[in-house]
Amino acid sequence: MFTPLTFTAFMYNINMKRESLSQESYEKICKAENTPVHVICHCRCVSNVAVLIAKALIKEGFDLDLVLLRNSCLLHDISRAKPDHAERGYELLVKLGYLDEAAIVREHMRHNPSSSCEDFTELDIVCIADRLVLEDCFVGLEERMAYVLEKSKDNLEAIRIIRNKKAELKIVLGKIEEKVGKTIEEIILEGE
């Protein structure tokens, strides 16, 4: 039995071709949600990084939806200025009909990218790209995690968790680099 939300999601996936989020629609959503300019710039950078990584993986035979990926990255922090931004963004996007994007936005803060490179989803790529970008710049894993560790310097448990997440992500990035035959930095720099 379908609940109204799952029925809507079901109908959306069957009856609608996913379209790239237009600049006008994106600006309207950002304005309605009072998304700060620096967050919009961050989301755009994450989107660029994610698409470059995904394109490199697609060349190696991976099946990734670039439109879903781009839209999800642009929207992943749409509600970042508000408490519990991932859940708030999810609720907003469901109301707007961006159901697949909403599901990714909801999970992006707590999701750990698959350690099996073969199973990558758009959610994995959003999370990877988000963890390589600081504000509106691609900085790579080391600099991004140094920034996060500095913010948590007084919380020993948070530091332990961040270090573990960094080690896990380093393995994932290594698998991407092995599949593609290039470093993440090379993928990004060649794509710019």
Side-chain angles (χ1 to χ4, degrees), residues 18-23 25-27 29-30 35-80 85-86 89-90 92-93 98-145 147-148 165-166 168-192:
R18 185 182 336 276
E19 292 184 16
S20 192
L21 184 63
S22 73
Q23 182 67 27
S25 295
Y26 183 57
E27 288 173 2
I29 295 168
C30 290
T35 307
V37 172
H38 75 277
V39 174
I40 295 168
C41 292
H42 166 75
C43 291
R44 287 181 175 151
C45 185
V46 170
S47 177
N48 292 337
V49 168
V51 168
L52 291 171
I53 292 170
K55 283 181 175 179
L57 289 169
I58 288 168
K59 284 182 184 175
E60 300 303 318
F62 286 75
D63 183 25
L64 295 164
D65 182 335
L66 289 178
V67 174
L68 174 61
L69 180 64
R70 179 184 170 274
N71 290 353
S72 299
C73 286
L74 288 173
L75 297 166
H76 82 281
D77 278 346
I78 198 77
S79 300
R80 191 164 92 183
H85 80 275
Y90 165 80
L92 172 70
L93 295 174
Y98 292 98
L99 303 178
D100 294 331
E101 292 86 347
I104 290 173
V105 168
R106 180 182 236 178
E107 296 299 319
H108 87 275
M109 290 296 293
R110 58 183 172 228
H111 180 75
N112 293 318
S114 174
S115 61
S116 169
C117 188
E118 305 302 328
D119 299 329
F120 278 153
T121 65
E122 292 77 13
L123 174 59
D124 292 314
I125 305 300
V126 170
C127 293
I128 290 167
D130 193 29
R131 294 169 190 167
L132 299 174
V133 170
L134 180 58
E135 293 304 329
D136 62 349
C137 296
F138 168 80
V139 295
L141 182 63
E142 294 302 322
E143 187 172 335
R144 176 71 161 100
M145 290 300 110
Y147 169 79
V148 174
K165 300 280 185 202
K166 177 184 172 187
E168 292 169 6
L169 189 55
K170 197 170 190 172
I171 292 168
V172 171
L173 293 175
K175 290 183 179 183
I176 292 173
E177 292 172 343
E178 185 179 312
K179 283 284 181 197
V180 174
K182 296 178 185 177
T183 67
I184 295 297
E185 289 77 11
E186 289 170 334
I187 293 167
I188 304 309
L189 292 175
E190 290 175 10
E192 290 183 337

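Note: hydrogens, waters and symmetry copies are ignored here, and every other heavy atom, side chains too, is used.
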Next on the checklist: Please determine whether the number of non-hydrogen atoms from other residues, nucleotides or ligands lying under 6.0 Å from atom NZ of K55 exceeds 12.
Outcome noted: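 Incorrect, the count does not exceed 12.
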
To the nearest 0.5 Å, what is the distance between [atom1] ([X]) and [atom2] ([Y])?
| X | Y | atom1 | atom2 | value |
| --- | --- | --- | --- | --- |
| E142 | M145 | CD | CE | 9.5 Å |
| L69 | D100 | CG | CG | 12.5 Å |
| L123 | E101 | CG | CD | 12.5 Å |
| I184 | K170 | CD1 | NZ | 13.0 Å |
| C137 | E143 | SG | CD | 8.5 Å |

Item to check | Selection residues 178-189 - residue pairs positive for salt bridge (charged side-chain N to carboxylate O under 4.0 Å, His left out), sequence neighbours left out | outcome: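 Salt bridge (charged side-chain N to carboxylate O under 4.0 Å, His left out) check on residues 178-189 returns E118-K179, K182-E190.
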
So which heavy atom on [X] is nearest to which on [Y], and how close?
| X | Y | result |
| --- | --- | --- |
| F120 | I176 | CE1-CG1, 3.4 Å |
| V39 | T35 | CG1-CG2, 3.7 Å |
| C73 | C43 | O-CB, 3.6 Å |
| P113 | D124 | CA-OD1, 3.1 Å |
| Y98 | S25 | OH-CB, 4.3 Å |
| D63 | E122 | O-OE2, 4.3 Å |

If you define the side chain from C-beta out and look only at heavy atoms, does anything of [X] sit under 4.5 Å from [Y]?
| X | Y | value |
| --- | --- | --- |
| V139 | L132 | no |
| N71 | Y26 | no |
| L93 | L99 | no |
| L141 | L173 | yes |

Checklist entry - Which is it for I104 and Y90 under the side-chain contact (heavy atoms from CB on, under 4.5 Å) test, yes or no, and what are the steps along the way? => result CA-CA 8 Å; I104 290 173; Y90 165 80; over 6 Å; no

Next on the checklist: Main chain of L68, side chain of D65: is a donor-acceptor contact present, judged purely on distance under 3.5 Å?
Outcome noted: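 Pair found, side chain donor or acceptor close to backbone of L68.
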
Checklist entry - Judged by atom type as modelled, is there a donor-acceptor pair below 3.5 Å linking the side chain of R144 to the main-chain atoms of V133? => result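 Looks like yes, one N/O pair under 3.5 Å.
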
Next on the checklist: Enumerate the ring-ring contact (aromatic ring centres under 6.0 Å, His included) contacts for residues 35-76, please, sequence neighbours excluded, ordered by first and then second residue.
Outcome noted: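 Qualifying pairs: H42-H76, H76-H108.
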
Next on the checklist: Go through it in stages, so that I can follow the logic: the residues are R106 and H111, the test is side-chain contact (heavy atoms from CB on, under 4.5 Å), and I'd like the CA-CA distance, side-chain angles, deciding distance and then a yes or no.
Outcome noted: CA-CA 9 Å; R106 180 182 236 178; H111 180 75; over 6 Å; no

Item to check | Those residues that, when tested against R70, pass side-chain contact (heavy atoms from CB on, under 4.5 Å) (two or more places apart) | outcome: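 Residues passing side-chain contact (heavy atoms from CB on, under 4.5 Å) with R70: S20, L21, S47, V51, L74.
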
Item to check | Verdict with reasoning, L189 to F138, per side-chain contact (heavy atoms from CB on, under 4.5 Å) | outcome: CA-CA 10 Å; L189 292 175; F138 168 80; over 6 Å; no

Item to check | Intermediate values then yes/no, side-chain contact (heavy atoms from CB on, under 4.5 Å), I188 and N48 | outcome: CA-CA 9 Å; I188 304 309; N48 292 337; over 6 Å; no

